[in-house]
There are 2 protein chains.
Amino acid sequence: MNPKPDELHLNAWRLFITAHATLIDTIDRELTTADCIPLHWYDVLVELVEAPDHRLRLYELADKVILSRSGLTRLVDKLENAGLLKREPNPEDRRGYYAVLTEAGYAALRKAWPIYAAGIQSHFAVHLSDDEAAIFSRVLRQILKSRQAAE
Amino acid sequence: MNPKPDELHLNAWRLFITAHATLIDTIDRELTTADCIPLHWYDVLVELVEAPDHRLRLYELADKVILSRSGLTRLVDKLENAGLLKREPNPEDRRGYYAVLTEAGYAALRKAWPIYAAGIQSHFAVHLSDDEAAIFSRVLRQILKSRQAAE
DNA sequence: AGTCAATAGTTGCATATACAACTATATCTG
DNA sequence: CAGATATAGTTGTATATGCAACTATTGACT
């Protein structure tokens with residue numbers, strides 16, 4: 001057991017936190033300024049668009065966007081109210097529902113994507129070479145995997 | 001202007017978001033389980049401990065921890081109530097206050113640090129070689145700098 | 001089948017945080 | 001130096017989110 005991070009790693013950690021906060025802040029602001037859905041809504045909808053049949057069980061969605069069950073319930077309420085997804089009962093398990101992307105939800109994604117992509121590009125991606133992006137991905141994936149294994 | 005991030009960079013971005021969320025979640029949980037101050041309080045106090053004279057103007061603190069002014073007012077209220085810092089009026093500018101670390105605040109930092117350090121080490125630092133940590137720091141610092149320049 | 005434990009989702013409550021409006025003080029400009 | 005403008009901090013209000021308690025359903029063990 002290595003108990004303490006050295007200066008180099010500690011520094012990386014602190015920058016990680018701060019850079020994250022400013023990036024999310026900046027990009028979320030750009031989205032709302034452009035009259036698009038907020039970043040959190042985007043994250044939810046993009047999981048749906050990538051899911052088979054454009055649908056996911058609510059608990060799967062909660063896991064993917066790292067939100068508590070109750071938090072997800074209320075977020076889904078709002079998205080459903082806004083018409084961007086709908087709940088559909090699951091015939092095989094009557095406890096649960098699917099969240100299903102609607103056409104309006106897909107349209108909201110399409111509208112937000114250029115703004116979001118421009119933000120990712122200009123505030124984040126421009127600062128990483130291809131090699132660095134690959135390193136980021138590899139390291140972060142490993143961090144995630146080790147967290148998931150710990151459950 | 002590069003309008004869109006490629007797959008590689010987009011992937012790095014998404015992992016960045018997800019890894020951050022799980023890491024903060026995990027470490028904050030470990031701190032509260034060990035009966036320590038939460039991560040956000042830690043961040044505030046550590047800025048004070050590193051500041052000259054263990055004191056910072058409230059607006060400086062707000063900037064450092066990336067919190068709105070109102071958010072900071074209330075956070076400082078709580079920390080002051082808990083006895084971990086105190087407000088001191090500034091004789092040179094009667095609009096403003098310093099937040100000053102107290103002995104109890106310093107003790108709270110010392111108590112939390114081993115838990116926090118162990119979390120950073122085991123969930124984050126172990127996954128980065130020295131070279132990778134250096135790359136992370138360099139890239140993230142550049143991202144931050146470019147954001148600060150944009151103000 | 002019958003009971004007990006586990007799971008899916010929702011709701012009540014407490015806390016966190018942002019924005020806008022406000023007060024007090026400082027600074028700038030003519 | 002007077003008035004306009006900017007800044008530091010606080011407060012009202014709205015939204016977001018977690019935890020614990022709850023209902024409904026499923027699954028597992030006997």
Side-chain angles (χ1 to χ4, degrees), chain A residues 17 20-33 35 37-44 55-82 84-100 151, chain B residues 17 20-33 35 37-44 55-82 84-100 151:
Chain A
I17 307 237
H20 178 271
T22 56
L23 281 172
I24 297 296
D25 200 60
T26 302
I27 291 179
D28 206 22
R29 240 169 251 279
E30 288 174 354
L31 282 169
T32 51
T33 299
D35 198 33
I37 54 177
L39 197 46
H40 255 76
W41 291 27
Y42 191 95
D43 291 339
V44 169
R55 70 185 53 215
L56 284 173
R57 289 297 297 270
L58 296 194
Y59 71 92
E60 297 175 302
L61 207 44
D63 278 3
K64 301 229 187 221
V65 301
I66 313 194
L67 201 62
S68 68
R69 288 290 170 81
S70 61
L72 189 81
T73 291
R74 287 186 248 246
L75 185 48
V76 166
D77 284 348
K78 275 166 226 136
L79 287 163
E80 193 169 26
N81 254 303
L84 306 183
L85 59 75
K86 57 184 199 293
R87 281 180 175 89
E88 272 187 18
N90 179 350
E92 330 236 300
D93 181 348
R94 289 189 305 169
R95 289 171 304 182
Y97 294 89
Y98 285 109
V100 188
E151 273 165 20
Chain B
I17 307 237
H20 177 272
T22 57
L23 283 172
I24 297 296
D25 200 61
T26 302
I27 292 179
D28 206 25
R29 241 169 251 279
E30 288 173 353
L31 282 169
T32 51
T33 299
D35 197 33
I37 54 176
L39 197 45
H40 255 78
W41 292 26
Y42 191 95
D43 291 340
V44 169
R55 70 185 53 217
L56 282 174
R57 290 295 299 270
L58 296 194
Y59 72 92
E60 295 175 303
L61 207 43
D63 277 2
K64 299 228 187 222
V65 300
I66 312 192
L67 201 62
S68 67
R69 289 287 171 84
S70 64
L72 189 82
T73 291
R74 274 142 176 151
L75 185 48
V76 166
D77 284 349
K78 276 166 225 134
L79 288 162
E80 192 170 27
N81 254 306
L84 307 183
L85 59 76
K86 59 184 197 296
R87 283 180 174 88
E88 272 187 19
N90 180 351
E92 329 237 301
D93 181 348
R94 290 190 303 169
R95 288 170 304 181
Y97 295 89
Y98 285 108
V100 187
E151 272 165 22

Grab the CG-C1' distance between L39(A) and dT17(D) for me, whole Å please. 16 Å
One character per nucleotide, please: for nucleotides 14-22 of chain C, 5' to 3', B when the base has a protein heavy atom closer than 4.0 Å, S when only the sugar-phosphate does, - otherwise. --SSBBB--
Write down the distance between OH (Y59(B)) and P (dT25(C)), rounded to a whole number of angstrom. 18 Å
Of all the heavy-atom pairs spanning P38(A) and D28(A), show the shortest one and how long it is. CA-OD1, 3.6 Å
When you check the gap from the basic side-chain N to the acidic O, do R69(A) and D63(A) get nearer than 4.0 Å? no
For R57(A) and dT25(D), what is the distance between atoms CZ and C1' respectively, to the nearest whole Å? 11 Å
Nucleotide nearest R95(B) when distance is taken to its side chain, options dA6(D), dA6(C), dG9(C): dA6(D)
Just wondering, are more than 12 heavy atoms of other shown residues or ligands nearer than 6.0 Å to OH in Y97(B)? no
Whole angstroms only, please: what is the CG-C1' distance between L58(B) and dT25(C)? 15 Å
Donor-acceptor contact below 3.5 Å, side chain N90(A) vs main chain G96(A): no
Whole-Å distance, L79(B) CG to dG9(D) C1', equals 16 Å
Between K78(A) and E80(A) (salt bridge meaning N to carboxylate O under 4.0 Å), is one present in this structure? no
Taking side-chain hydrogen bond (donor to acceptor under 3.5 Å, both in side chains) as the definition, give me every residue that meets it alongside T26(A), ordered by chain and number, with sequence neighbours left out. none
Listed in order of residue number, which residues of residues 85-94 of chain B have a non-hydrogen atom at under 4.0 Å from DNA chain C? D93(B), R94(B)
Take V44(B) and L84(B), measure what side-chain contact (heavy atoms from CB on, under 4.5 Å) needs, and give me the verdict at the end. CA-CA 10 Å; V44(B) 169; L84(B) 307 183; over 6 Å; no
Could you tell me whether a side-chain N or O of E60(B) sits under 3.5 Å from a main-chain N or O of R57(B), the two making a donor and an acceptor? yes
For L56(A) and dA8(C), what is the distance between atoms CG and C1' respectively, to the nearest whole Å? 15 Å
